[in-house]
Amino acid sequence: MFSNKDIAQFAQLETPFYYYDLSLLQETLSSCAAAAKVYHFHVHYAMKANFNDTLLKKIRETGFGADCVSGNEVKKAIEMGFSAGQVVFAGVGKSDREINYALDQDIFCFNVESVQELEVINELALQKGKKVKVAIRINPNVDAHTHHNITTGLDENKFGVNSWDLPACAEMLKKCTALEFVGIHFHIGSQITNLDVYKNLCVRVNEFAQWFEERGYLVRVLNVGGGLGIDYHNPDQQIPDFEAYFKIFNDFLDVRSNQEVHFELGRALVGQSSSLISKVLYVKNGKKKNFIILDAGMTELMRPALYQAYHQIENISKKGQEVNFKYDVVGPICESTDCFGKEVALQETLRGDLIAIRSTGAYGEVMASHYNLRENVSVVFSEEN
Ligand code: LLP
């Protein structure tokens with residue numbers, strides 16, 4: 001919900017831009033940290049959701065670690081002051097260069113996604129005379145009940161080691177003298193709103209932990225990944241229910257006294273703290289459809305074009321006025337999928353009106369592209385209270 005003051009300020013600025021509400025971000029981070037603390041759970045922020053410096057600084061100050069999926073994310077985390085001992089590195093295709101870089105930084109742990117990757121990390125670590133901590137990312141074949149494009153924990157997905165490869169994995173670990181096994185890692189998908197999914201995950205985590213223990217491995221870390229969804233239909237209901245989320249893991253995970261539970265939340269921490277603010281360039285009234293053409297497109301916010309993702313769209317210049325029109329809200333890019341919403345109910349909209357596309361803090365700015373030689377997307381921060 002934007003105040004009249006916010007809207008007056010936006011009207012002075014060049015659009016489009018991502019607007020970040022830093023007070024809301026702070027509230028969200030504090031709420032998550034407090035809920036995790038109750039159970040002594042550790043949170044590593046999934047940097048891929050948003051690696052804007054201002055956000056990262058706040059996240060680091062909250063005490064969270066960093067979950068990275070590329071060498072450059074590891075580099076960024078270190079540069080932003082995350083301690084190397086709180087950096088984890090996942091990814092199904094880590095290059096030798098990325099592995100070498102992370103080895104040099106002495107990060108906490110590599111989340112390893114295949115038997116072959118174990119062998120490669122071991123070789124590279126041996127060359128450096130280092131001992132390196134690894135967790136095995138297991139594909140638990142648990143359905144996340146989310147959009148199929150953002151499901152990661154099913155047999156058909158490329159991520160993690162499948163259960164039938166675990167014996168080979170255990171054999172390889174025995175051979176790899178430079179590797180120290182610390183635990184098991186899971187991430188079954190993103191934008192998970194049905195918390196029962198996590199109960200199913202816990203059951204699988206317990207089984208896999210036992211599997212390793214029975215073979216003489218000490219499982220110190222249970223990393224259950226991220227995925228907690230946000231309510232895109234209620235962008236003003238802003239802080240996810242971290243208490244309910246963590247409680248599930250407390251209730252359903254068998255955690256021994258010598259074990260740590262790690263989480264990798266991205267979207268839930270940053271998603272609601274931002275809106276993409278755009279201006280109406282043109283209104284085209286067709287026979288079948290009325291179009292609003294914005295100055296922001298899929299180059300600024302890719303999610304609707306890529307996953308048919310829903311983002312609430314508001315005409316903030318006409319706040320409080322009657323909603324009695326329907327428009328397809330589209331961008332200026334030369335692609336038919338450059339559409340933010342079809343048949344969107346809005347106030348009568350005119351050229352120059354400001355449109356807010358809500359809940360864009362996660363996978364928004366960071367997935368922007370230069371297609372059509374578009375400019376870098378601008379960013380505006382709220383003043384902090
Ligand atoms: N850990 C790993 C290993 C991951 O791959 C991801 C996300 C996360 C943690 C964080 O998940 P989150 O808590 O943010 O759901 N671009 C898509 C989402 C892709 C998620 C990729 N992995 C979107 O816009 O919906």
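Both counts, for ligands and for their atoms, begin at 1 and track the order of listing. Quick note: residue numbers are just sequence positions, from 1.
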* Under 4.0 Å from ligand 1, counting heavy atoms only, is it the side chain of F159, its backbone, both or neither? -> neither
* **Close-contact set for ligand 1 against D67 heavy atoms, below 4.0 Å** => 1 (N), 2 (C), 9 (C)
* To do: Flag the pair K289 / E343 as yes when at least one side-chain heavy-atom distance between them is below 4.5 Å, and no otherwise.
  => yes
* To do: Could you say whether the N/O atoms of G227 and ligand 1 ever approach to under 3.5 Å?
  => yes
* Pick whichever of E264, M47, Q191 has a heavy atom sitting closest to atom 3 (C) of ligand 1. => E264
* Asked: Below 4.0 Å from any atom of ligand 1, is there a heavy atom belonging to A362?
  -> no
* Please work out whether any backbone atom (N, CA, C, O) or any side-chain heavy atom from C-beta onward of H187 is under 4.0 Å from ligand 1, and answer side chain, backbone, both or neither. => side chain
* Asked: Of all the heavy atoms in R137, does at least one lie under 4.0 Å from an atom in ligand 1?
  -> yes
* **Contact partition for V69 relative to ligand 1, non-hydrogen atoms under 4.0 Å** => neither
* To do: For the pair E73 and K76, find out whether any cationic side-chain nitrogen is under 4.0 Å from an anionic carboxylate oxygen.
  => no
* State whether E300 and R374 are salt-bridged, where the test is any N-O pair (Lys NZ or Arg NE/NH1/NH2 against Asp/Glu carboxylate O) under 4.0 Å. => yes
* So, F82 versus F64, ring centres under 6.0 angstrom or not? -> no
* **All pairs passing salt bridge (Lys or Arg N to Asp or Glu O under 4.0 Å) where residues 59-68 contributes a residue, at least two apart** => K48-D67, K57-E61
* Answer with yes or no after comparing the ring centroid distance for Y39 and F249 against a 6.0 Å cut-off, counting only values under it. => no
* Measure from NZ or CZ of K319 to the centre of the six-membered ring of F2 and say whether it is under 6.0 Å with the direction within 45° of the ring axis. => no
* Spacing of SG belonging to C334 relative to CG belonging to N372, to within rounding of 0.5 Å -> 5.0 Å
* Check ligand 1 against G266 and write out every atom of the ligand that is under 4.0 Å from a heavy-atom position of the residue. => 12 (P), 13 (O), 14 (O)
* Asked: Is there any N or O on G226 that sits under 3.5 Å from an N or O of ligand 1?
  -> no
* **Contacting atoms of ligand 1, where contact means under 4.0 angstrom from a heavy atom of K48** => 1 (N), 2 (C), 4 (C), 5 (O), 6 (C), 7 (C), 8 (C), 9 (C), 21 (C), 22 (N)
* Does A46 approach ligand 1 within less than 4.0 angstrom via side chain, backbone, both or neither, non-hydrogen atoms only? -> side chain
* **Short N or O distance, H185 and ligand 1, threshold 3.5 Å exclusive** => no
* **Atoms of ligand 1 close to L265 [distance to a heavy atom under 4.0 angstrom, numbered from 1]** => 13 (O)
* Asked: Should the pair R137 and F186 be classed as cation-pi, given the thresholds of under 6.0 Å to the six-membered ring centre and 45° from the axis?
  -> no
Donor-acceptor pairs under 3.5 angstrom involving side-chain atoms of residues 96-108: please list them, not counting sequence neighbours.
residue	atom	partner	partner atom	Å
E98	OE1	S95	N	3.0
E98	OE1	S95	OG	3.4
E98	OE2	G71	N	2.9
N100	ND2	D96	O	3.3
D104	OD1	K128	NZ	3.0
D106	OD1	K130	NZ	2.8

* Counting heavy atoms only, which of M367, H44, R303 is nearest atom 24 (O) of ligand 1? -> R303
